[in-house]
> 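For reference, the structure I am asking about is given below.
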Amino acid sequence: MTCAKLLPLAATALVLSACSTIEDLTTEQVGDATLSLANGQPVGTVRLMNDGTDVSVDVTVTGIEPGQHGFHLHTTGSCRAPDFTSAGGHLNPTDQSHGSLSPDGKHLGDMPNLTVGPNRTGSAQFELTGDPEMVLDAIFDSDGTAVIVHAGPDDYSTDPAGDAGSRVACGVLRAN
Ligand SMILES: [Cu+2]
Ligand SMILES: [Zn+2]
């Protein structure tokens with residue numbers, strides 16, 4: 001009912017029927033990626049969501065070592081095995097330093113560590129910093145963007161990559 005309270009009476013009946021679905025209608029999936037290991041085995045999916053205020057990254061993984069894993073957007077949409085270095089460094093259109101604990105941080109592509117449980121699965125939703133237009137322009141630029149899961153945790157401060165170890169899974173984001 002709070003939804004209808006904000007509206008003139010004449011419009012109430014019309015809007016009441018739409019109220020329950022307004023949130024669904026305004027959050028749209030704008031991109032996705034399949035995460036794969038160096039041997040090609042798929043281990044997860046990433047969905048890029050835009051609610052009009054923020055772009056967020058929804059991730060689900062299955063078949064990754066339990067523990068904390070550095071999780072980032074990397075600057076090039078390329079996942080060449082076995083080391084995935086083709087993805088380049090972190091997505092960083094505003095030339096910041098790495099990490100949320102750095103005074104000059106953080107990269108647009110820096111996200112909190114991804115927690116994988118003893119059953120080797122994990123899921124999380126992380127908001128990216130910045131208005132959706134800027135964020136999506138940076139992600140879907142001419143060379144694209146990759147999502148990377150690292151072997152170890154990001155310390156949120158060591159430049160340029162948080163000392164998160166090797167790249168164990170990679171996926172190229174594609175616009176939906
Ligand atoms: Cu990374
Ligand atoms: Zn970074």
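Counting convention: from 1, in listed order, for ligands and their atoms alike. All values derive from a computational prediction rather than experimental measurement. Residue numbers start at 1 and run along the sequence shown.
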> Check whether any side-chain heavy atom of E65 sits under 4.5 Å from a side-chain heavy atom of V116, and report yes or no.
no
> Looking only at N, O or S atoms, which one in H107 sits nearest to the Zn ion (ligand 2)?
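Closest N, O or S atom of H107 to the Zn ion (ligand 2): ND1.
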> Looking only at N, O or S atoms in H90, which is nearest to the Zn ion (ligand 2)?
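Among the N, O or S atoms of H90, the one closest to the Zn ion (ligand 2) is ND1.
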> Would a line drawn from the ring center of H107 to the ring center of H72 be shorter than 6.0 Å?
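No: the rings miss the under 6.0 Å criterion.
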> For the Zn ion (ligand 2), which N, O or S atom of D110 is at the shortest distance?
OD1
> Between R174 and D32, does any NZ, NE, NH1 or NH2 come within less than 4.0 Å of an OD or OE carboxylate oxygen?
yes
> Between ND1 of H72 and NE2 of H74, what angle is found at the Cu ion (ligand 1), rounded to 10 degrees?
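It is 130°, given to the nearest 10°.
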> Measure from the Zn ion (ligand 2) to each N, O or S atom of D159 and report whether any distance is below 2.8 Å.
no
> Please name the residue in the list D110, D163, D155 that meets the side chain to side chain donor-acceptor pair (under 3.5 Å) test with H98.
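The single option meeting the side chain to side chain donor-acceptor pair (under 3.5 Å) with H98 is D110.
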> How about H98: does one of its N, O or S atoms come closer than 2.8 Å to the Zn ion (ligand 2)?
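It does: H98 brings an N, O or S atom closer than 2.8 Å to the Zn ion (ligand 2).
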> For the pair E28 and M49, evaluate side chain to side chain contact (heavy atoms under 4.5 Å, CB included) and give the outcome as yes or no after the intermediate values.
CA-CA 6 Å; E28 59 173 346; M49 308 300 293; over 6 Å; no
